[in-house]
Structures are given as C-alpha cells and as structure tokens.
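Presented below is the structure to which this report refers.
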Amino acid sequence: MSTSAQPQFRYTQTPSKVLHLRNLPWECIEEELIELCKPFGKIVNTKCNVGANRNQAFVEFSDLNQAINMVTYYASSSEPAQIRGKTVYIQYSNRHEIVNNKSPGDVPGNVLLVTIEGVEAGDVSIDVIHLAYLLTVLQVFSAFGFVHKIATFEKAAGFQALIQYSDVQTASTARDSLDGRSIPRYLLPSHVNECYLRISYSAHTDLNIKFQSHRSRDYTNPHLPVNPTAMDGLHQPVVGPDGKKKEFESNVLLASIENMQYAVTVDVLNTVFSAFGAVQKIAIFEKNGGTQALIQYPDIAIAAVAKDALEGHCIYDGGYCKLHLSYSRHTDLNVKAYSDKSRDYTIPMQQATGWQNPPAASAVGYTSGGVPQAHAQAAPSSSWFPTMPAGGQTYMSSPSSFPGQAYGAAPPAYAAAAIPPFSSPNAHPAPGAPQTGGSVPLHQPNGPPGGSPHPSQSPYYGS
DNA sequence: AGCACA
C-alpha cells in the first residue's frame with residue numbers, strides 16, 4: 001500500500017486496527033477515549049487532541065477485529081458514540097499503527113510552555129504595561145499551585161511563557177485545565193483580538209531567572225534583584241502624552257478605605273488585590289480616624305494595573321468600603337508575618353501553622369461604581385476555581401467539570417464571582433451562572449473568602 | 001466533520 005495514496009472517500013477505506021475519531025470535545029482526555037473504546041477490545045495506544053481544533057484522536061486496538069467490531073457496531077447502532085454529550089465519528093485510520101505517540105511537548109514535566117496565540121512578535125509594541133497585563137493573565141496559573149518562576153519571551157509562534165511549578169502533577173493539572181482556553185477580552189489591550197492559550201510541556205526543569213523584571217519572575221526568591229534596565233521605564237518618572245510628568249510610582253499601594261461599614265481584614269484585602277498578582281505584604285493601620293492599608297506587590301507594573309483597576313471601586317456592594325489608591329513612598333514593608341493587621345506572604349506558610357493562604361482565595365468581582373466595566377480588569381484567578389483546594393490537588397473530579405462551569409456548583413457566597421473565566425471555545429455558560437454587569441461587589445461581606453485563619457491555629461510570627 | 005508525528 002502506498003502511503004501517498006489519499007483516498008477521498010473514507011468509507012471505502014480498508015479496515016485498520018487504528019481508528020480515527022473526530023468531532024471530539026477539545027477537552028477530551030485519554031481516559032475518555034479508552035472508556036469509549038475498551039468494550040470492543042484491548043487498546044494499545046492512543047493519541048488525543050489532534051488537529052488544529054484538537055478535536056480528533058486516534059485509538060489503536062491490539063488487533064484488527066476489535067477495530068472492525070467497533071466501527072460496525074456504531075455503523076448500525078441507533079445510539080451514536082458519544083463523549084461528553086458530543087457525537088463522535090469513527091472511521092478507520094489510513095495508517096496501521098500509531099507512531100510517536102507523544103511529541104516532546106506531551107512528555108510531562110514541571111515546566112509548562114504557554115503560547116498566547118494572537119499576541120504576535122510583530123506586535124512588538126508589547127510594551128511594559130502590556131507585558132504587565134500578560135503577567136497578570138499568567139497569574140491564573142497560580143490557582144493550580146505555587147508558581148515558582150515565570151519567564152516570558154517572544155518567538156515566531158507568538159508571545160510565550162515558561163511557567164515553572166514544583167512538580168509534574170501540578171503542572172499537568174494546570175495544563176489540562178487551561179490548554180485551549182481563551183483569554184477574556186477585558187484582560188487584553190484593545191487592539192488584541194482572540195487570544196488562545198496553547199500549553200505544552202517544556203523540557204526545562206528549572207528556569208534560570210536572573211532578575212525580577214517586566215518579563216520574568218522568580219517567586220521563590222523575592223530578594224532577587226530587579227533588572228535595572230528592564231524596569232527603567234517603570235522606575236523613572238513617566239511622561240504622559242500631554243508632556244506632564246506622572247506621579248511617582250511604586251510597587252506599594254496606599255489604600256484609603258472610605259465608608260467602612262464592614263470589617264476590612266487582611267484576608268479581604270489579599271483576596272481583592274491578589275487578583276492582579278501575588279501580594280507580598282499587607283499592613284492595615286488607622287490614620288486621621290480612617291482606615292488605610294499598604295499593599296506590596298513585587299513590582300510597579302502590577303501595582304499600576306491594580307491601582308487603575310481598583311481605584312474608586314467598592315469592596316462591598318452598596319458603596320461600602322470604597323477604595324482610594326495612591327502609590328506609597330515605601331518600596332518594602334517591614335511587617336509582622338502574621339497579625340490581625342498585617343501579613344507577610346513572602347514567608348513560607350506551609351512551614352508555619354497549617355494556616356493556608358490559598359492563591360485561589362475567592363469571590364472577586366467588580367463594583368462598577370457607575371462606570372462601565374473597564375476592559376482593564378485583571379484576572380481574578382481565585383474566583384474561577386471556587387471549590388479548588390489549595391495545595392495542588394486535582395480538582396477535576398468529573399470530566400465535565402471545568403472552570404467555565406464551576407459557578408453552578410459555587411456556594412452562594414461566591415456567586416458574585418461574575419468575572420467570566422477563561423472561556424472554552426466549546427463551553428456554554430453554565431446554567432444558572434450569574435450574569436456579569438450591574439454592580440458586582442469586589443467581595444461578599446459574609447463570604448469566607450480567603451478564610452480567616454482557623455481560631456485554633458496559632459498565629460504565625462516566624463521564629 | 002475528514003488523518004497525527006518531525
């Protein structure tokens with residue numbers, strides 16, 4: 001048989017122990033393929049997420065008759081083959097074995113290679129703030145476990161990032177959940193259109209991050225020097241289009257909280273401000289009869305995004321706890337690691353008391369405060385996975401549960417998490433999913449977001 | 001909805 005002969009009509013094709021399946025849901029995983037096919041015989045190999053839409057797959061049976069059984073069964077069955085409710089079309093492959101089952105990018109590792117399609121290298125106007133947004137987008141990856149390092153770069157394939165986790169398990173959970181999803185428009189600069197995440201495994205195991213910069217981060221080493229040149233544009237006074245110098249910028253924000261009808265705790269602030277990037281430290285204090293807080297980020301870019309996005313917004317619906325933000329003159333806060341008025345998240349928590357600081361805190365929505373929802377809202381990674389435990393466990397217990405549908409299962413306190421998650425091209429909004437729009441508080445007053453520390457747990461002060 | 005990989 002010549003392999004170059006490409007039969008036009010597949011139904012005339014000669015049987016093969018390899019079957020070609022199409023019209024699969026893109027999320028389809030190997031287990032689901034096996035589930036569907038194993039009643040007909042022994043599966044010796046599979047290849048899923050094939051093709052431009054990643055909706056095709058190959059399954060290889062141990063012998064030809066098993067493949068024939070499956071094809072003939074579904075050819076005459078009144079019940080079509082289905083995965084996740086989608087009818088799966090089955091035919092003989094024009095090859096007789098699956099070769100090279102795994103491409104290098106499919107070999108699991110602890111470092112993910114993320115390509116953001118639609119953000120091209122030709123788009124070199126990828127300026128500092130743009131990159132800051134993309135780093136914000138990448139914060140979602142911390143919802144799956146502690147992200148150790150991020151390096152971003154531009155290649156022909158587009159804007160890419162390497163994201164390092166401690167272990168393969170965490171990385172693969174993140175990959176399985178986010179691969180193929182699109183980044184919501186409101187997270188992106190207006191000139192960027194559709195942006196899909198393509199995620200494969202990198203062969204790297206440990207990234208060598210030399211500086212904290214607008215394009216790289218080492219979260220395991222908060223004291224790593226900031227790249228002087230890369231951050232230049234951020235540290236120096238910025239001249240606006242009108243020629244006027246902008247205000248002094250800092251990685252530490254000063255928040256004044258107005259109309260404080262509800263307690264604003266460290267946890268609440270962490271929940272709200274973590275939507276834009278890893279919060280390093282928080283301190284709450286009283287000044288002139290009002291409550292103020294200092295929130296420290298690793299860099300100015302994230303602080304700038306958070307400041308713009310949150311200024312004038314209310315933590316709680318109804319105009320309560322309105323935030324007014326400015327840059328602090330501090331650059332590194334000296335705070336107690338754990339008190340009711342302060343927190344230092346750069347100190348490893350797991351060594352402490354079991355008190356958890358899940359990156360996935362909880363409901364973060366936005367009070368529009370009379371202003372239409374800005375496009376510049378950040379990625380509240382937290383709110384997308386309301387039921388996910390911290391600590392990197394696999395949360396996808398059911399194959400049909402993915403972030404886009406998580407809202408339906410969310411407890412009422414989280415119902416305000418109305419910021420759409422990364423959307424799947426195939427995902428329909430969850431039934432009963434709350435609608436975005438209107439006034440959505442940043443935080444629910446009686447919600448447990450962030451979880452106050454368990455009373456029985458002793459506070460962490462370091463030692 | 002129509003054949004991968006390197």
Side-chain angles (χ1 to χ4, degrees), chain A residues 1-38 40-109 111-115 117 155-158 160 172 175-176 179-180 182 194 196-204 424-428:
Chain A
M1 270 277 283
S2 162
T3 49
S4 62
Q6 294 290 328
Q8 286 297 310
F9 305 102
R10 308 295 180 189
Y11 51 81
T12 62
Q13 221 168 325
T14 54
S16 162
K17 61 183 164 48
V18 180
L19 298 183
H20 175 225
L21 290 74
R22 46 201 169 80
N23 200 37
L24 295 161
W26 71 268
E27 309 93 322
C28 180
I29 56 176
E30 185 184 37
E31 284 68 28
E32 293 169 286
L33 282 180
I34 293 173
E35 200 61 35
L36 178 72
C37 303
K38 77 176 179 201
F40 301 93
K42 183 177 181 218
I43 295 138
V44 297
N45 212 344
T46 67
K47 185 165 190 65
C48 43
N49 305 113
V50 164
N53 297 324
R54 311 188 60 120
N55 59 357
Q56 300 173 41
F58 297 92
V59 172
E60 181 177 339
F61 284 100
S62 67
D63 75 64
L64 182 62
N65 283 331
Q66 299 167 349
I68 294 174
N69 282 344
M70 183 164 184
V71 169
T72 54
Y73 174 84
Y74 282 113
S76 61
S77 168
S78 55
E79 299 287 319
Q82 287 194 330
I83 287 181
R84 300 194 191 205
K86 289 192 78 177
T87 295
V88 176
Y89 298 89
I90 303 166
Q91 61 192 162
Y92 300 113
S93 171
N94 51 21
R95 302 195 196 180
H96 288 87
E97 61 180 349
I98 293 176
V99 289
N100 265 344
N101 183 43
K102 296 203 185 307
S103 62
D106 288 332
V107 178
V111 179
L112 298 178
L113 173 62
V114 179
T115 303
E117 293 180 348
K155 277 271 180 73
Q160 294 190 307
S172 73
R175 182 193 126 118
D176 292 347
D179 189 22
S182 67
E194 294 264 50
Y196 289 97
L197 295 179
R198 297 293 176 202
I199 306 175
S200 59
Y201 295 103
S202 162
H204 290 94
S424 150
N426 299 320
H428 300 293

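Chain letters run A, B, ... following the sequence lines, proteins first and then strands; every chain starts at 1.
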Value in whole Å for how far the C1' atom of dA1(B) lies from CZ of Phe58(A)
13 Å
Looking only at side-chain atoms of Val50(A), point me to the closest of dC3(B), dA1(B), dA4(B).
dA4(B)
Give the rounded distance in Å between these two atoms: CG of Asn53(A) and P of dA1(B).
9 Å
Ile98(A) side chain: which of dA4(B), dA1(B), dC3(B) is closest?
dA4(B)
Let me know the distance between CH2 of Trp26(A) and C1' of dA1(B), rounded to the nearest Å.
19 Å
Partners of Ser200(A) by side chain to side chain donor-acceptor pair (under 3.5 Å), sequence neighbours excluded?
none
Pick the closest DNA chain B nucleotide for Gly51(A) and for Asn55(A) by heavy atoms, then say which residue is nearer the 5' end.
Asn55(A)
Apply side-chain contact (heavy atoms from CB on, under 4.5 Å) to the pair Ile34(A) and Glu31(A), showing each step before the final yes or no.
CA-CA 5 Å; Ile34(A) 293 173; Glu31(A) 284 68 28; 5.7 Å; no
After noting the C-alpha distance and the side-chain angles of Phe61(A) and Met70(A), does the key distance pass the side-chain contact (heavy atoms from CB on, under 4.5 Å) rule?
CA-CA 10 Å; Phe61(A) 284 100; Met70(A) 183 164 184; 3.7 Å; yes
Interatomic distance where CD belongs to Gln56(A) and C1' belongs to dA4(B) [whole Å]:
9 Å
Would you kindly give the CG-to-C1' distance between Asn23(A) and dC3(B), to the nearest whole Å?
15 Å
Ring centres under 6.0 angstrom apart (Phe40(A), Tyr73(A))
yes
When the distance from CD of Glu60(A) to P of dC3(B) is rounded to whole Å, what number comes out?
19 Å
Rounded to whole Å, please give me the gap between NZ in Lys47(A) and C1' in dA6(B).
11 Å
Report the distance from atom NE2 of His20(A) to atom C1' of dC3(B), rounded to the nearest whole Å.
4 Å
Look at all strands and tell whether Glu97(A) reaches a base, only sugar-phosphate, or nothing, counting heavy atoms closer than 4.0 Å.
base
